[in-house]
Participant: 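Just dropping this structure here.
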Number of protein chains: 2
Amino acid sequence: MKLDRFDRQLLNLVQEDATQTAERLAEKVGLSPSAIQRRLRRLREEGVIVRDCAVLDPKKAGRPTFFVVSVQVERERPELLAQLREWLAAQEHVQQAFYVTGEADFVLIIAAHDTETYDALMARMVQENPHVRRFTTNVALSVVKRGLTIPIPEETDD
Amino acid sequence: MKLDRFDRQLLNLVQEDATQTAERLAEKVGLSPSAIQRRLRRLREEGVIVRDCAVLDPKKAGRPTFFVVSVQVERERPELLAQLREWLAAQEHVQQAFYVTGEADFVLIIAAHDTETYDALMARMVQENPHVRRFTTNVALSVVKRGLTIPIPEETDD
DNA sequence: TTTGAAACTCATGGGCC
DNA sequence: GGCCCATGAGTTTCAAA
């Protein structure tokens with residue numbers, strides 16, 4: 001599963017705009033539309049491209065508040081860690097969750113429409129995951145940037 | 001610019017999968033394909049839907065490392081704050097940036113393919129933004145969840 | 001005014017060179 | 001990988017509620 005120069009270029013392009021036609025992409029990377037379609041299909045089949053999703057403007061889609069949460073857990077029981085991961089992944093308000101080095105064990109990005117929703121979520125977190133020791137909340141006063149783009153170097157060393 | 005029950009349902013659906021045909025969406029929400037397309041076009045025109053983008057699997061797209069960075073700045077000069085925001089938004093490796101309450105002023109999610117890239121980025125940050133006082137880095141050992149989905153309540157009180 | 005249906009246009013996806 | 005043809009989705013228009 002290697003990515004050549006064209007694949008990398010393609011991935012950078014569709015990460016920005018997945019609605020572009022194969023024809024448009026073709027002229028940008030210098031291949032035929034057929035080749036583009038074949039590569040995109042392969043990239044999807046192989047799971048390099050996981051999915052295509054619409055990105056909303058938070059201000060126009062209910063004005064949610066974003067919370068950055070640092071979570072500390074008791075590290076003695078590894079099996080509970082896996083449980084917490086699953087729990088986090090299942091919560092729709094949890095946009096992102098990273099297991100990190102440092103003081104905190106997890107960093108979460110939460111999107112909720114009001115403080116009540118957020119509080120209820122955190123209450124359920126500590127209740128349903130007893131090894132959560134403590135957590136600290138940072139409220140996002142504004143969102144400077146928001147995306148999932150993974151920059152892929154396009155150097156021609158395939 | 002109000003969102004009725006159908007709009008909200010539609011937004012929740014396209015956030016998960018933007019490749020669904022209008023026909024599929026139509027039977028899910030109980031409208032005709034034409035109505036779906038009209039609504040989607042309106043939602044895009046009004047900027048509720050900002051864009052459609054392909055989401056990559058980090059493990060299959062160069063295995064980037066994710067960093068969670070807390071940044072503290074000198075708060076005396078508000079104009080430098082705006083400058084930093086613009087700087088952050090312009091950096092391709094900065095996936096997300098929030099201006100937050102609490103000890104830190106900004107929380108960043110960085111995606112970089114190696115530590116050198118990350119170090120260089122942070123070096124440039126402090127160099128080109130002199131009011132950055134200090135920052136602390138948390139390396140993501142694993143990504144538990146990754147998305148931009150904003151859950152939209154679908155209650156029928158339009 | 002907004003919805004549903006039909007005609008039209010064009011991108012997509014297959015097979016072949 | 002590029003070319004061509006068939007299929008299917010997106011777009012526009014029009015009629016109806």
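So you know, we letter chains A, B, ... as the sequences are listed, proteins then strands, and number each from 1. Computed from a prediction, not measured in an experiment: that's the story for all the values here.
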Participant: Once you round it to whole Å, what is the distance between P of D:dG10 and CD of B:Gln20?
Facilitator: 11 Å

Participant: Using the rule that Ile, Leu, Val, Met, Phe, Trp and Tyr join whenever any side-chain heavy atoms are under 4.5 Å apart, tell me whether B:Val126 and B:Val69 fall into a single cluster.
Facilitator: yes

Participant: Between A:Arg51 and B:Asp17 (salt bridge meaning N to carboxylate O under 4.0 Å), is one present in this structure?
Facilitator: no

Participant: For DNA chain C, what residues of residues 27-48 of chain B have any heavy atom nearer than 4.0 Å?
Facilitator: B:Ser32, B:Ser34, B:Ala35, B:Arg38, B:Arg39

Participant: Have a look at A:Leu80 and tell me which of A:Arg75, A:Glu74, A:Arg85, A:His131 forms a side-chain contact (heavy atoms from CB on, under 4.5 Å) with it.
Facilitator: A:His131

Participant: Starting at CG of B:Asp4 and ending at C1' of C:dT1, how long is that distance when rounded to a whole Å?
Facilitator: 14 Å

Participant: Angle class for the A:Phe67/A:Tyr118 ring planes (parallel below 30°, perpendicular above 60°, tilted otherwise)?
Facilitator: parallel

Participant: Between atom CG in B:Leu25 and atom P in C:dG4, what is the gap in whole Å?
Facilitator: 14 Å

Participant: Are the charged groups of B:Asp105 and B:Arg133 less than 4.0 angstrom apart, N to O?
Facilitator: no

